[in-house]
Amino acid sequence: MVTTPVQTPATGAAHAASVAAISVRSAGKVFQVAKGAEVRALDDVSLTVAPGEFVSLIGPSGCGKSTLLRLIADLDEATSGEILVFGKTARQARIDQEYGIAFQSAGLLPWRSVQANIELPLELHGVGKTERSARAEELIELVGLTDFRSRFPDQLSGGMQQRVAIARSLAERPKLLLMDEPFGALDEMTRERMQQELVRICSETGAAVVFVTHSIPEAVFLSDRVVVMSPRPGRIVGIVDIDLGPGTQRSEGLRENSAFFEGVTAVREALHGSPAAPMGVELR
Amino acid sequence: MVTTPVQTPATGAAHAASVAAISVRSAGKVFQVAKGAEVRALDDVSLTVAPGEFVSLIGPSGCGKSTLLRLIADLDEATSGEILVFGKTARQARIDQEYGIAFQSAGLLPWRSVQANIELPLELHGVGKTERSARAEELIELVGLTDFRSRFPDQLSGGMQQRVAIARSLAERPKLLLMDEPFGALDEMTRERMQQELVRICSETGAAVVFVTHSIPEAVFLSDRVVVMSPRPGRIVGIVDIDLGPGTQRSEGLRENSAFFEGVTAVREALHGSPAAPMGVELR
Amino acid sequence: MRGPGVAERGNGHPEPAAGAAAGAGVPAGVSAAAVRGPGRGRALVRSVLPPLVLGVAFLLLWQLVVAVFDIKPYLLPSPTDIAGQVVAVFALLLSSMLATGLNALIGLVVGGVLAVLLALVASRLRVFDRMIVPLVAGLAVVPIVALAPILNTMFGSTSDTPRRVVVMIVVFAPIFINTLRGLRQVRPVHRDLMRAYAASSWQLTRTVTLPGAVPFIFTGLRIASSLAVISAIVAEYFGGLQNGLGSRITSAAANSAYPRAWAYVFGAIILGLVFYGVTLLLERFASRRRS
Amino acid sequence: MTRPGVRFSAVLWGLAGLVLLAVLWEGYKAVGPVTGVQFFGQSILPKTDDRSMPHLVDMVTRALQPVNSAVGSPPVWVSVIGAALNSLGVAAVGWVAGSVVGFLLALLMQRLRVAERAVLPWLILSQTVPLIALAPVIVAWGGKIQIGAFSWDRWMSVAVIASYLAFFPVAVGALRGLQSPDAIHLELMRTYNAGWFKTLLRLRLPASVPYLIPALRLGAASAIVGTVVAEVSTGYKGGIGRMIIEFAQSGTSDPAKAYAPIAGAVILGLVSAGLVALVGLALKRFNRQEAAS
Amino acid sequence: LSGCSSSSSTSTATSGNSGNPSVTGGALIPVKLQLQWFTQAQFAGYYAALDQGYFTDEGLDVSIIEGGTDIVPQTQLADGSVDYAVAWVPKALASREQGAGITDVAQIFQKSGTLQVSMAAKNIKTAADLKGKIVGNWGFGNEFEMFAGITKAGLNPATDVQLVQQAFDESGLLDGSIDAAQAETYNEYAQILETTNPATGKLYQPSDLNVIDWNTEGTAMLQDAIWANTDKLKNDTTYQDTTVKFLTAALKGWIYARDNPQKASDIVVAKGSQLGASHQLWQTNEVNKLIWPSSAGIGIVSDAAWKQTVGVAMSAKNLEGSTVITKAPDSDAYTNTYVQKALDALKSQGVDVTGSSFTPLTVTLTEGGK
Ligand SMILES: Nc1ncnc2c1ncn2[C@@H]1O[C@H](COP(=O)(O)OP(=O)(O)OP(=O)(O)O)[C@@H](O)[C@H]1O
Ligand SMILES: Nc1ncnc2c1ncn2[C@@H]1O[C@H](COP(=O)(O)OP(=O)(O)OP(=O)(O)O)[C@@H](O)[C@H]1O
Ligand SMILES: Cc1ncc(C[n+]2csc(CCO)c2C)c(N)n1
Ligand SMILES: [Mg+2]
Ligand SMILES: [Mg+2]
């Protein structure tokens with residue numbers, strides 16, 4: 001099932017558009033672990049994301065970033081509150097394929113070529129062969145992998161694999177992209193380049209993005225808004241508005257720009273203002 | 001064999017001390033791959049590290065950072081040039097246990113407790129039981145894992161594992177620490193904390209450090225000098241002196257300081273001045 | 001050459017197709033094509049020569065010992081005696097290999113398919129899983145000797161079926177256990193992905209679970225392949241058609257015609273290696289495209 | 001859920017599986033054609049008469065009756081247990097011997113690359129040799145051994161054959177285990193200037209445990225199978241394998257009798273795997289996974 | 001499942017009355033005898049000799065070692081694992097040709113006990129009737145009489161019949177998957193007669209069956225014989241002496257079994273035979289028929305029978321196209337020297353060694369041979 005073929009073009013701040021891309025109201029998530037014990041991963045989280053808006057989630061490990069993303073994607077169910085995606089329940093939105101998703105590990109199927117990996121969601125939803133390959137062609141070009149279309153994942157570098165995963169997440173032209181640390185496994189140089197490409201791709205497709213990251217510069221460079229979270233239980237402790245101009249014009253130079261440094265400092269302070277996370281002492 | 005029990009205290013810039021901790025002269029390394037083909041990983045690299053000095057190596061993936069470190073550690077042999085560690089050949093220095101080493105993955109032995117892991121090098125060199133456990137005690141305290149001494153690696157978070165690895169690398173009180181992206185696998189928050197601890201530990205022990213990293217802020221925050229490298233063949237393209245004051249006084253606040261940002265910008269420029277690294281398109 | 005994997009590795013790193021390349025050693029920028037070419041010939045020599053030398057040395061020593069100590073053929077026939085018999089009974093040797101090989105093949109294929117299908121069911125149906133896993137553990141330790149006589153009466157000794165059933169039973173356990181492990185190996189990220197695509201459980205099986213289990217299936221198959229031949233041979237020992245290697249070996253041995261018996265043993269070894277080699281090739285072929 | 005609880009329910013499920021099997025057996029016997037099902041001349045389903053498929057009740061009843069008509073002969077099940085224990089003892093000797101040999105081979109192959117290349121293919125080949133061909137040779141040569149008061153017993157031939165099967169999984173598993181340490185650990189040992197032996201002791205051996213335990217378990221199962229086959233091939237009396245063919249003789253007149261020793265052999269296999277699991281328990285410390293950091 | 005160790009039934013020991021001079025204060029000579037099959041009345045004479053203390057009387061401590069499928073008694077004997085072995089002559093000759101140094105020192109069975117049994121309805125009465133039939137045999141070299149018979153009837157064993165190896169029992173014949181099955185008069189034939197005929201609801205009767213007897217077809221070969229180690233016979237005087245003693249006791253055992261079939265059968269049952277009491281009595285009786293009367297004295301190798309065996313062994317081809325032996329055995333293959341000495345010793349004790357007045361019993365079989 002392919003949804004709405006072409007997006008409404010969206011500029012950086014389309015806050016006022018008709019229905020919100022995401023609307024999370026007082027969502028909470030409690031995990032039942034071993035007999036009796038429970039983990040409150042999220043507590044009373046509310047967040048609205050406008051169509052075309054780029055929102056990053058940042059916070060120390062275990063603060064519930066992934067959990068929040070997974071609730072939106074209906075990969076887990078909220079234990080309280082309400083989550084709407086384009087006005088539908090998360091479940092309905094998943095069934096209607098309203099979003100594309102990418103994870104920290106690219107999660108490509110190793111036995112499928114680049115092209116076949118990108119075609120996977122289309123294939124699952126019964127899109128015909130010619131249509132599928134035409135769309136894959138477009139996407140491969142978009143992520144700059146034209147020469148690698150018939151390579152297999154193990155023949156690609158980490159960065160290239162992530163680009164395939166991003167192309168795959170865009171296959172059905174979703175109006176919403178959910179990304180959980182998609183660049184977490186990349187080295188910093190590659191990472192910076194991927195960020196720039198993501199910014200470009202997002203402005204071109206006009207999709208709203210929820211982007212989980214650990215990196216302050218990354219969050220600042222990419223986002224319209226940075227949502228800062230704190231752990232135990234996971235809450236939103238601050239939202240930093242960033243204004244670096246439209247995505248299409250963001251470039252490397254920006255990183256040495258004072259607005260960028262200001263954004264970094266603002267997010268850093270929001271983060272550190274939150275009760276200091278115990279330094280990785282939790283047992284795994 | 002435990003070497004020199006107590007270190008000469010070293011302040012940040014002990015450049016002029018007797019014999020250099022490391023002296024690399026026109027070192028080159030060519031790898032023979034499949035019949036005929038060769039990879040020139042390092043070409044004519046010269047570098048001197050003073051006792052107590054903290055030097056970072058930074059550069060795009062594949063520029064030979066790890067290779068240089070491995071040559072110093074005598075894990076590989078240079079194909080040309082000369083490498084002296086405290087005036088000895090690299091091989092002799094390894095046999096004399098002149099350095100401690102830590103890698104990107106902590107590389108702890110999963111069947112040994114924290115304490116037993118730290119004691120490993122001492123045990124191998126025939127240090128008696130009581131002496132071993134006294135030393136382990138000290139180190140465990142140094143890295144702040146007192147309550148975790150009898151835990152096993154799989155019960156620790158990534159950051160804690162890295163701290164164990166660092167403690168282990170310090171076990172024989174080396175005057176030189178070699179570290180290959182020791183924080184590469186950690187999330188950014190943990191990473192920043194670990195950096196601060198490393199700075200503290202190094203000032204306390206007075207060891208010289210060669211530190212490989214991908215992260216510009218990390219390199220700037222930690223180092224007395226940042227060595228910037230370029231790939232194919234790996235060369236040193238610039239050395240940036242950083243002056244953020246003695247390690248003992250570097251704190252979180254520093255990261256929002258303008259000297260820090262200047263350092264970051266200087267390294268960034270040195271890096272980008274080098275011929276742009278192809279964006280992760282190499283095959284793996 | 002990789003050894004037949006250990007069927008059950010209790011720990012979590014079964015990665016059956018783990019590459020041999022050590023860590024980061026593989027150079028960037030050097031195209032894979034450069035690795036082939038003349039280098040391959042030398043690699044072949046390096047992997048074939050040592051076992052060949054050892055084998056020839058072993059045979060020579062054997063021959064020498066038999067000659068020097070004048071060992072009677074009923075105690076130990078010499079390699080040349082055996083080779084002489086191989087030539088003498090060659091036509092019969094081939095037909096026996098064919099007969100036994102066919103039994104082993106049919107048993108292997110039917111048992112293998114059954115094992116994969118039941119593993120699929122077990123991976124989907126928890127109740128079935130819990131009931132069948134202990135049974136398979138039992139099946140894995142049933143000695144062939146125990147089964148053959150009973151199967152002979154059950155299916156009639158004039159048919160090849162009892163032997164094929166013996167092979168099926170013997171190959172079932174390793175394939176089933178490995179396949180099931182493979183099917184359970186689905187990476188959480190793939191599971192999440194398929195859920196995000198609202199994929200049906202059949203789609204999950206077809207696109208993710210089953211292809212992901214292929215290397216595991218092959219690990220089981222590799223172990224099963226040589227077992228299939230041995231068990232087909234041993235099964236012949238308890239009656240039935242007298243056209244295979246097993247009955248020829250025993251009947252030669254009963255007449256103390258050991259050189260002839262060993263000629264058939266030689267055939268059995270060749271057959272075992274053929275089965276093993278073909279599985280290995282299939283595995284190579286199927287896993288060409290994997291990390 | 002507590003561990004004993006888990007184990008208990010596993011046993012229950014296993015029993016449920018057995019019941020399922022029993023229902024299948026009796027069900028097919030009830031509805032299947034007496035002559036079995038033929039398909040293009042090959043029988044594909046068994047005959048269902050009482051000689052081909054005795055009733056389960058008959059099997060059990062027979063197991064409770066005396067083994068033979070000699071006065072005072074014990075019930076079948078008692079003899080089966082005796083025979084099973086006898087086989088277990090022989091198999092244990094074979095397992096230990098095979099494991100030691102397998103492990104030493106693995107050490108050799110780990111130490112010398114050439115040895116690995118030269119030996120490994122032959123190890124695989126060795127397992128394609130049918131045991132029935134080896135048995136006479138081993139028995140014959142064993143019979144020649146007579147050193148002072150020591151003389152070769154039949155059971156030793158059986159144990160040798162059992163070890164011939166048991167050594168293989170151990171050799172392969174141990175080799176993998178010894179080769180399993182990551183490059184990083186090996187390099188660490190190199191930076192410590194630790195030689196081959198120290199590296200073996202502190203790194204390779206402990207690292208091989210997770211591979212060794214399943215290999216030993218597999219070796220135990222192989223040793224049992226080898227013992228049972230070898231008892232038949234060498235004519236060693238007193239074990240379960242011999243009992244199986246002794247009973248098979250009375251297939252015409254006493255078909256239910258043959259099932260008791262088969263059940264005994266299966267239980268024997270399970271028990272041996274269980275015993276190895278105990279070894280695994282003792283080495284549990286080394287079975288830790290490296291944390292994924 | 002008792003062991004096969006030394007004497008289990010001390011109660012019936014009648015030792016001490018013979019006053020044999022070689023009994024020197026319990027220092028018995030250990031002797032091992034390898035059988036070719038499981039404990040059963042086929043070997044009643046040896047068990048009787050053991051039980052009656054005849055071996056001890058001769059100063060021997062005999063252990064009887066059971067055989068079984070894969071045990072080749074002549075190999076055991078040749079490699080020194082045992083001192084004497086019971087084996088069929090053709091198989092032993094084959095082993096000799098492969099270098100096993102063994103000699104037939106006493107031919108116990110004078111006739112072949114092998115039959116080819118079929119259901120009466122199949123109408124298989126002679127070897128010629130086997131054409132096109134599914135013919136069972138045991139393999140292991142037990143099939144040569146049958147091959148010779150088929151060949152003699154003008155058929156080619158490789159093409160004119162379909163050969164099938166039988167399992168350990170006769171179920172193939174009973175369920176109809178085998179047309180004609182191999183059986184020994186003393187064992188498998190009885191197993192058939194101990195089974196209920198579904199058509200009549202009673203046990204199978206000999207009239208329900210047809211048998212081909214290779215003795216009458218003229219291709220019979222010599223069966224159970226006692227074999228000794230050729231080299232030791234030549235060079236070892238103690239062994240020569242022991243051989244005579246062993247044969248004396250063993251033959252005496254067989255004479256006991258002839259005269260006391262019921263007791264001999266009971267002895268075998270007590271030794272833990274797998275099949276039951278009535279079956280063992282039948283077997284004792286049938287085996288007696290194969291031995292007695294023995295005109296030259298029990299154990300003497302008849303030259304005529306030997307020649308027929310060798311002739312068949314050299315000419316009959318099996319389905320692999322090979323004959324049992326390729327050249328005539330040398331003169332060491334058998335000797336009557338020792339058995340003659342044993343017979344002389346027995347005769348001097350006044351024992352009847354020919355059994356000229358032997359009359360068999362009529363044994364009634366019961367279901368399952370219980
Ligand atoms: N399936 C689960 N069962 C139990 N607890 C869980 C589960 N998933 C997450 N948690 C817990 O919920 C909390 C939030 O986890 P989450 O993965 O959302 O954190 P995160 O912010 O994504 O962390 P990271 O930066 O490390 O990815 C953690 O304490 C975690 O241990
Ligand atoms: N053992 C080896 N054999 C062949 N080539 C090698 C080997 N080790 C490294 N190389 C090559 O040498 C070059 C330098 O590698 P090196 O690992 O030192 O880079 P690096 O700077 O550490 O990269 P990264 O940041 O990815 O760790 C690369 O092109 C690499 O492919
Ligand atoms: C597998 C097998 N089957 C038959 C015989 C032959 N055999 C030797 S003694 C004897 C009498 C048994 O009643 C028989 C039939 C054998 N040696 N091995
Ligand atoms: Mg997360
Ligand atoms: Mg590196």
Side-chain angles (χ1 to χ4, degrees), chain D residues 34-36 43 47 49-52 67-74 76 78-80 82-83 86 131-133 135-137 139-144 146 151-154 157 229-239 241-255 257-258, chain E residues 1-4 8 34-40 65-73 75-76 78-82 167-177 187-188 190-196 198 266-280 365-370:
Chain D
V34 177
T35 53
S43 58
K47 292 174 269 194
D49 59 297
D50 284 350
R51 193 167 46 242
S52 304
V67 190
N68 55 42
S69 37
V71 269
S73 78
V76 170
V78 173
S79 310
V80 167
N86 186 316
L131 282 186
I132 39 175
V137 177
V139 172
W141 287 97
K144 294 213 166 299
Q146 186 109 37
S151 77
W152 191 261
D153 257 343
R154 203 45 76 79
S157 300
V229 174
E231 282 175 15
V232 177
S233 298
T234 61
Y236 168 72
K237 232 178 105 91
R242 172 77 180 189
M243 181 176 263
I244 286 168
I245 52 155
E246 277 175 356
F247 285 13
Q249 277 186 103
S250 29
T252 313
S253 47
D254 197 355
K257 191 178 176 186
Chain E
L1 189 84
S2 67
C4 60
S8 62
Q34 174 71 58
L35 305 182
Q36 60 174 326
W37 201 243
F38 302 92
T39 297
Q40 58 180 0
I65 298 169
E66 270 192 277
T69 52
D70 216 11
I71 296 150
V72 182
T75 306
Q76 301 290 322
D79 69 27
S81 303
V82 298
F168 298 101
D169 53 37
E170 294 291 316
S171 45
L173 178 74
L174 295 174
D175 67 29
S177 54
N187 191 9
E188 292 80 6
Q191 285 186 38
I192 301 168
L193 299 178
E194 288 158 358
T195 313
T196 306
D266 292 345
I267 290 169
V268 172
V269 170
K271 278 292 178 188
S273 66
Q274 285 307 314
L275 296 162
S278 69
H279 184 88
Q280 298 304 338
L365 290 171
T366 58
E367 166 134 38
K370 295 270 155 35

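First the proteins, then the strands, lettered A, B, ... as listed; each starts at 1.
- Both the backbone and the side chain of E:Ser171 come within contact range of chain D, with heavy atoms under 4.5 Å apart.
- Contacts between E:Asp175 and chain D at a heavy-atom distance below 4.5 Å involve backbone atoms as well as side-chain atoms.
- Looking at E:Thr196, there are no atoms closer than 4.5 Å to chain D (heavy atoms on both sides), in backbone or side chain.
- With a 4.5 angstrom heavy-atom cutoff, E:Gln76 touches chain D only via side-chain atoms.
- Remark: D:Arg51 pairs with no residue by the side-chain hydrogen bond (donor to acceptor under 3.5 Å, both in side chains) rule, at least two apart or across chains.
- For the set D:Gly235, D:Pro255, D:Ser233, the count of heavy-atom pairs under 4.5 angstrom toward chain E peaks at D:Ser233.
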Verify side chain to side chain contact (heavy atoms under 4.5 Å, CB included) between E:Phe38 and D:Lys237, making sure each step is shown before the conclusion.
-> CA-CA 10 Å; E:Phe38 302 92; D:Lys237 232 178 105 91; over 6 Å; no
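- At a 4.5 Å heavy-atom cutoff, D:Ser52 makes no contact with chain E through either its backbone or its side chain.
- Of the residues considered (E:Val72, E:Leu174, E:Thr39), E:Leu174 shows the highest number of contacts with chain D, using heavy-atom pairs under 4.5 Å.
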